[in-house]
Amino acid sequence: MELNDVYTWLWLAWGGLFVVIEGAALFNKKRGDTLSEHVWFLRSRKVGRFVVPAFLGWLAYHFLVEGPGK
């Protein structure tokens, strides 16, 4: 992977956009606009009680066990 790879720049842009959106949401007083509030809302729904923990479990496994070059 190199810094001139288009996907590297796209992931960096995605991360920057996340910081901007989450930062704006943190500094206003509107409820339900942060990522964590959306996840908590989803977990309060029947399907979210399975989907959220399953996704987070898969994500942890993917980063910790599978690693690069799978």
Side-chain angles (χ1 to χ4, degrees):
M1 180 174 71
E2 298 179 20
L3 278 180
N4 63 356
D5 181 18
V6 67
Y7 286 104
T8 300
W9 288 107
L10 290 171
W11 281 114
L12 289 171
W14 181 90
L17 185 60
F18 173 79
V19 168
V20 168
I21 294 169
E22 189 72 9
L26 287 173
F27 286 105
N28 70 32
K29 300 298 180 194
K30 185 177 176 186
R31 291 185 48 154
D33 54 358
T34 64
L35 177 61
S36 59
E37 290 170 330
H38 277 85
V39 171
W40 292 329
F41 173 77
L42 181 60
R43 284 211 51 210
S44 71
R45 302 293 180 238
K46 195 172 197 174
V47 68
R49 291 184 202 132
F50 170 77
V51 171
V52 171
F55 173 74
L56 293 176
W58 167 83
L59 189 62
Y61 175 81
H62 175 68
F63 286 146
L64 297 174
V65 177
E66 289 183 359
K70 175 184 166 191

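Position 1 is the first residue of the sequence, and the numbers go up from there.
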Determine whether [X] and [Y] fall in the same hydrophobic cluster, where Ile, Leu, Val, Met, Phe, Trp and Tyr are linked whenever their side-chain heavy atoms lie under 4.5 Å apart.
X   : Y   : value
F18 : F63 : yes
L10 : L17 : no
L35 : W58 : yes

I'd like to check the side-chain contact (heavy atoms from CB on, under 4.5 Å) partners of V52; sequence neighbours left out, ordered by chain and number.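 So V52 forms a side-chain contact (heavy atoms from CB on, under 4.5 Å) with V39, L42, R43, L56.
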
Applying side-chain contact (heavy atoms from CB on, under 4.5 Å), can you list everything that pairs with A24, at least two apart in sequence or on another chain?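 Listed in chain order: nothing, the list is empty.
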
W14 and W11 aromatic ring geometry - parallel, tilted or perpendicular at 30°/60° bounds: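 Aromatic pair W11/W14 classed perpendicular.
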
For P53 and G48, which heavy atoms make the closest approach, and how far apart are they?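 Answer, listing the atom of P53 first, then G48: CD-O, 3.6 Å.
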
Which distance, rounded to the nearest 0.5 Å, do you find between the CG of L64 and the CG of L59? 9.0 Å

With sequence neighbours left out, which residue pairs that include part of residues 21-33 fulfil the side-chain hydrogen bond (donor to acceptor under 3.5 Å, both in side chains) condition?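 Listed by first then second residue: N28-D33.
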
